[in-house]
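One structure below.
For clarity, every value in this text was computed on a predicted model and none was experimentally measured. What's counted below: heavy atoms across the whole structure, side chains too, no hydrogens, waters or symmetry copies.
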Amino acid sequence: MTTEFPHTEEIKTILKDKAEFVRQDGLNYLIPKWKRFTDNYADNEDSIYEWLNEIDARKIIDEILFMLPNTESAKIIEVLKEIDTKFIEKTFEINECVWNDKVEKENKYDRQKNWYYYRVNQNLFENEAGQFTKQ
């Protein structure tokens with residue numbers, strides 16, 4: 001795996017409770033994973049479980065960005081802009097958090113900060129009929 005992005009001991013500590021492959025490569029695994037998902041599945045995924053798994057990868061990226069120095073995080077944010085824009089183009093905003101109200105409150109998810117938890121594609125919207133409403 002390439003090491004385009006920083007993977008310090010501090011990052012490894014943040015990832016201590018994640019899967020081995022996430023702990024091992026950190027952003028060098030998570031950012032390509034987010035890009036693959038956005039490129040190939042964001043517009044057609046229909047399983048809520050897969051969706052939540054992929055979206056959680058984006059949240060972990062944010063957790064790592066928060067603790068990086070500004071110079072490093074700025075470079076990563078630049079990379080993410082294109083990926084995030086594509087994700088936004090392939091999805092639409094919903095009124096509910098995809099995780100549900102209880103998880104949203106427990107984790108203090110916020111529509112501004114955790115915007116990806118408030119978006120779905122049409123397939124998922126239809127498969128989860130009655131769970132979400134379009135904004």
Distance-only criterion, 3.5 Å: show the donor-acceptor pairs between side-chain atoms of residues 65-72 and protein atoms not counting sequence neighbours.
none

Within the side chain of Asn123, is there an N or O that forms a donor-acceptor pair under 3.5 Å with the backbone of Asn44? yes
Over 12 non-hydrogen atoms of neighbours within 6.0 angstrom of NZ in Lys59: yes
One should read off an interatomic distance between Ile11 CD1 and Lys16 NZ, to the nearest 0.5 angstrom, of 14.0 Å
Taking every heavy atom of Lys33 against every heavy atom of Asn53, the minimum-distance pair comes out as NZ-ND2, 4.0 Å
Rounded at 0.5 Å granularity, tell me how far CG in Leu124 sits from OG in Ser47. 7.5 Å
Working for side-chain contact (heavy atoms from CB on, under 4.5 Å), residues Ile64 and Leu30: CA-CA 10 Å; Ile64 295 170; Leu30 292 164; 4.0 Å; yes
Between Glu20 and Arg23, is there a salt bridge with N-O shorter than 4.0 Å? yes
Between Arg58 and Asp84, is the side-chain contact (heavy atoms from CB on, under 4.5 Å) condition met? List the steps. CA-CA 9 Å; Arg58 183 60 179 83; Asp84 290 346; 2.7 Å; yes
Evaluate the side-chain contact (heavy atoms from CB on, under 4.5 Å) criterion for residues Glu45 and Glu54: first the C-alpha distance (whole Å), next the side-chain angles of each, then the deciding distance (0.1 Å), finally the verdict. CA-CA 10 Å; Glu45 179 59 59; Glu54 298 296 339; 6.0 Å; no
How long is the straight-line distance from CD of Glu63 back to CD1 of Ile61, given to the nearest 0.5 Å? 10.5 Å
In sequence, state the C-alpha distance, the side-chain angles, and the governing distance for Ile60 and Leu15, and then conclude on side-chain contact (heavy atoms from CB on, under 4.5 Å). CA-CA 8 Å; Ile60 297 167; Leu15 301 175; 3.5 Å; yes
Would you say the side chains of Thr91 and Asn121 form a donor-acceptor pair under 3.5 Å? no
Check against ring pair (Phe, Tyr, Trp, His ring centres under 6.0 Å), Phe37 and Trp51: CA-CA 9 Å; Phe37 172 71; Trp51 189 265; 5.3 Å; yes
Are Val120 and Val98 close enough that some pair of their side-chain heavy atoms sits under 4.5 Å apart? yes
Taking atom NZ as the centre, does Lys113 end up with more than 12 heavy-atom neighbours from other residues, nucleotides or ligands that are less than 6.0 angstrom away? no
Lys86/Glu82 ion pair, N-O < 4.0 Å: no
Just say parallel, tilted or perpendicular for the rings of Phe87 and Trp34, cut-offs at 30° and 60°. tilted
Backbone of Asn28 reached by a side-chain donor or acceptor of Asp25 within 3.5 Å: no
Tyr118 and side-chain hydrogen bond (donor to acceptor under 3.5 Å, both in side chains): which single residue from Glu104, Glu96, Gln112 fits? Glu104
How long is the gap from NZ on Lys12 to OG1 on Thr8, to the nearest 0.5 Å? 8.0 Å
For atom OH of Tyr41, decide whether the heavy atoms of other residues, nucleotides or ligands shown that lie under 6.0 angstrom number more than 12. no
Would you call Lys75 and Glu78 a salt bridge, using N to O less than 4.0 angstrom? no
Would you call Thr38 and Asp43 a side-chain contact if the rule is heavy atoms closer than 4.5 Å? no
Is there a donor-acceptor pair closer than 3.5 Å between any side-chain N or O of His7 and the backbone N or O of Gln24? yes
Just wondering, do Glu93 and Arg111 contact through their side chains at under 4.5 Å, heavy atoms? yes
Non-hydrogen atoms of Lys108 and Asn114 that approach each other most closely: O-OD1, 4.2 Å
Between Gln122 and Lys134, do the side chains contain a donor N or O and an acceptor N or O under 3.5 Å apart? yes
Just say parallel, tilted or perpendicular for the rings of Phe125 and Phe92, cut-offs at 30° and 60°. perpendicular
Does a donor on one side chain sit under 3.5 Å from an acceptor on the other, for Tyr116 and Asp56? no
